[in-house]
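Contents: one structure, followed by commentary.
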2 protein chains.
Amino acid sequence: MSKIASLTEEEKKLLAGLHTRKQYKKKSVIDQQGSISKAVYYLNNGILSMEYQHGSKVFVRDFIFRDSPALVYPSFYLEEPSRYSIKAITDCDVWELTKENFEIGKKKIPNLGIIAFKITNLFHQNIERRFESMITKSAEDRYLELVENHPKIIQSISLKMIASYLGITDVALSRIRSRLSKKVAKNY
Amino acid sequence: MSKIASLTEEEKKLLAGLHTRKQYKKKSVIDQQGSISKAVYYLNNGILSMEYQHGSKVFVRDFIFRDSPALVYPSFYLEEPSRYSIKAITDCDVWELTKENFEIGKKKIPNLGIIAFKITNLFHQNIERRFESMITKSAEDRYLELVENHPKIIQSISLKMIASYLGITDVALSRIRSRLSKKVAKNY
DNA sequence: CTTTTATCTTAACCTAAGTTAAGAATTATA
DNA sequence: TATAATTCTTAACTTAGGTTAAGATAAAAG
């Protein structure tokens with residue numbers, strides 16, 4: 001967090017003390033859609049997913065990779081039912097900051113409100129970008145964009161989840177992959 | 001704004017005094033993509049659009065109808081280049097609150113920060129919903145949803161802009177319309 | 001009032017992606 | 001270890017939507 005706004009050494013220690021370190025096994029549900037988000041998370045290691053259920057189907061809204069914050073926004077701030085769940089795709093190692101400790105921290109660390117505001121902005125920009133690429137780009141381009149930003153994604157996340165993230169079916173993604181590998185083969 | 005958080009009569013007057021009433025002719029650009037948003041707007045009358053340019057094409061990100069706030073988020077708060085423009089689709093009558101006056105207001109009206117935060121949350125929820133319906137619904141369903149929420153939209157907004165909002169071409173929307181009118185005809 | 005421009009519809013053709021299904025390969029589990 | 005359950009690929013078929021183009025109507029602009 002100290003990357004986002006400057007904190008004194010003392011404040012860093014205080015903030016760290018307000019966090020709880022937790023381990024989650026693969027497939028565990030950390031925050032449940034429909035209930036009030038219990039904490040903000042900072043992911044030390046592993047991969048998280050933000051998912052929402054719509055009818056009988058589950059959609060991947062986003063992936064969260066190591067060294068990033070995970071926030072169920074605005075549920076965490078407003079204490080209202082959340083639109084999505086947070087799940088562990090792999091075994092995960094996270095720092096949790098509960099709502100109570102966040103409020104305690106805000107009183108003691110003036111910059112914490114600003115940090116929260118900036119994280120919120122990051123989340124907003126993230127979905128804006130995602131929405132924009134959904135409208136302006138083809139599924140193939142969206143896939144290439146994702147793989148470029150996160151090359152290791154193929155090893156650790158199932159094709160079905162990646163397809164869901166991209167807004168297409170697993171069959172369609174498999175087709176895109178084989179089309180791409182044929183394109184690459186042509187260049188030799 | 002007083003619908004969103006309670007303000008005293010005195011505060012309401014003060015806040016109103018910080019606003020400037022302006023008239024915009026149809027097609028005028030109120031806030032330009034790439035530059036820093038100059039104000040928050042409250043739309044008294046008319047229809048605004050949020051648009052972004054991507055390459056040579058223009059996409060409608062959202063419509064703003066009367067009695068609603070319009071915010072270029074997060075450009076207005078962070079004073080960074082905005083991702084989209086705000087334009088007047090029809091002649092518009094708006095209240096403007098500049099960044100300077102917003103800062104003045106925040107010092108004098110304790111609840112104004114909270115109002116700003118809530119408006120921000122509304123904007124976030126808006127794009128979340130839009131993203132979700134983009135992924136989970138067909139263009140036809142998205143169109144029906146839009147018309148249901150804003151029946152007068154057909155009279156005041158061109159088919160091309162509505163299509164852009166839905167993420168499809170004008171030809172595709174025209175096709176959807178004729179398909180729907182045939183469906184209705186069948187029921188008689 | 002006339003010409004130009006924008007708006008909307010319709011048709012023909014094409015491609016991307018959904019659906020269903022079947023088979024191979026990998027991973028879980030009894 | 002054997003069986004069951006996922007995961008991934010491929011194929012066949014269908015449908016929604018993109019592209020191009022042409023014609024009709026309506027709105028701007030001269």
Side-chain angles (χ1 to χ4, degrees), chain A residues 25-28 47 49 51 54-60 63 87-91 132-147 152-185, chain B residues 25-28 47 49 51 54-60 63 87-91 132-147 152-185:
Chain A
K25 283 263 164 229
K26 190 175 170 172
K27 287 183 186 174
S28 37
I47 303 174
S49 67
E51 303 180 6
H54 196 271
S56 62
K57 285 178 189 165
V58 173
F59 296 86
V60 174
F63 299 118
K87 295 180 186 171
I89 294 188
T90 63
D91 290 354
E132 201 172 315
S133 84
M134 201 69 208
I135 297 252
T136 61
K137 289 179 181 171
S138 69
E140 185 173 317
D141 287 344
R142 276 172 356 241
Y143 176 67
L144 288 170
E145 183 184 44
L146 180 67
V147 172
K152 278 183 268 180
I153 207 172
I154 300 142
Q155 279 91 57
S156 39
I157 300 178
S158 73
L159 174 133
K160 209 176 176 179
M161 291 196 91
I162 295 175
S164 173
Y165 170 90
L166 296 171
I168 57 176
T169 61
D170 50 348
V171 181
L173 180 52
S174 192
R175 209 153 30 192
I176 286 170
R177 276 187 179 174
S178 74
R179 198 161 59 212
L180 286 171
S181 62
K182 273 168 202 160
K183 271 188 195 170
V184 172
Chain B
K25 282 262 162 231
K26 188 174 173 174
K27 287 183 186 173
S28 39
I47 303 174
S49 67
E51 303 182 7
H54 197 270
S56 63
K57 285 177 188 165
V58 174
F59 296 87
V60 175
F63 299 117
K87 295 180 186 169
I89 294 188
T90 63
D91 290 353
E132 202 172 314
S133 85
M134 201 68 208
I135 295 252
T136 60
K137 288 179 180 168
S138 68
E140 184 173 318
D141 286 345
R142 270 162 13 232
Y143 176 68
L144 289 170
E145 183 184 43
L146 180 68
V147 173
K152 277 182 266 176
I153 207 172
I154 298 142
Q155 279 89 57
S156 39
I157 300 178
S158 74
L159 174 135
K160 210 177 175 179
M161 292 196 91
I162 296 174
S164 174
Y165 171 89
L166 296 172
I168 57 177
T169 60
D170 51 348
V171 182
L173 180 52
S174 191
R175 209 152 32 192
I176 286 169
R177 278 188 178 173
S178 73
R179 198 161 59 212
L180 286 171
S181 65
K182 274 169 202 160
K183 270 189 194 169
V184 172

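Chain A is the first sequence line, chain B the second, and so forth, proteins listed ahead of strands; every chain is numbered from 1.
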B:Tyr165 and B:Phe63 aromatic ring geometry - parallel, tilted or perpendicular at 30°/60° bounds: parallel
Nearest-Å distance, [atom1] ([X]) to [atom2] ([N])?
| X | N | atom1 | atom2 | answer |
| --- | --- | --- | --- | --- |
| A:Lys25 | C:dA28 | NZ | C1' | 15 Å |
| A:Met134 | C:dA16 | CE | C1' | 13 Å |
| B:Lys160 | C:dT9 | NZ | C1' | 14 Å |
| B:Ile168 | D:dG17 | CD1 | P | 6 Å |
| A:Leu173 | C:dG18 | CG | P | 10 Å |
| B:Arg177 | D:dA16 | CZ | C1' | 18 Å |
| A:Asp170 | C:dA25 | CG | P | 19 Å |
| A:Leu159 | D:dT10 | CG | P | 11 Å |

For [Y], is there any backbone N or O sitting under 3.5 Å from a side-chain donor or acceptor partner on [X]?
| X | Y | answer |
| --- | --- | --- |
| A:Asp91 | A:Lys25 | no |
| B:Ser164 | B:Val60 | yes |
| B:Thr90 | B:Ile47 | yes |

In terms of side-chain heavy atoms of [X], which of [options] is nearest?
| X | options | result |
| --- | --- | --- |
| B:Arg175 | C:dA12, D:dT10, C:dT10 | C:dA12 |
| B:Ile176 | D:dA21, C:dA17, D:dG17 | D:dG17 |
| A:Val171 | C:dT20, C:dT10, C:dC8 | C:dT20 |
| B:Arg179 | D:dA16, C:dC8, C:dA17 | D:dA16 |
| A:Thr169 | C:dG18, C:dA17, D:dG17 | C:dG18 |

Sugar-phosphate, base or nothing in reach of B:Ser174, heavy atoms under 4.0 Å: base
Stepwise side chain to side chain contact (heavy atoms under 4.5 Å, CB included) check, B:Arg142 with B:Ile168: CA-CA 11 Å; B:Arg142 270 162 13 232; B:Ile168 57 177; 4.3 Å; yes
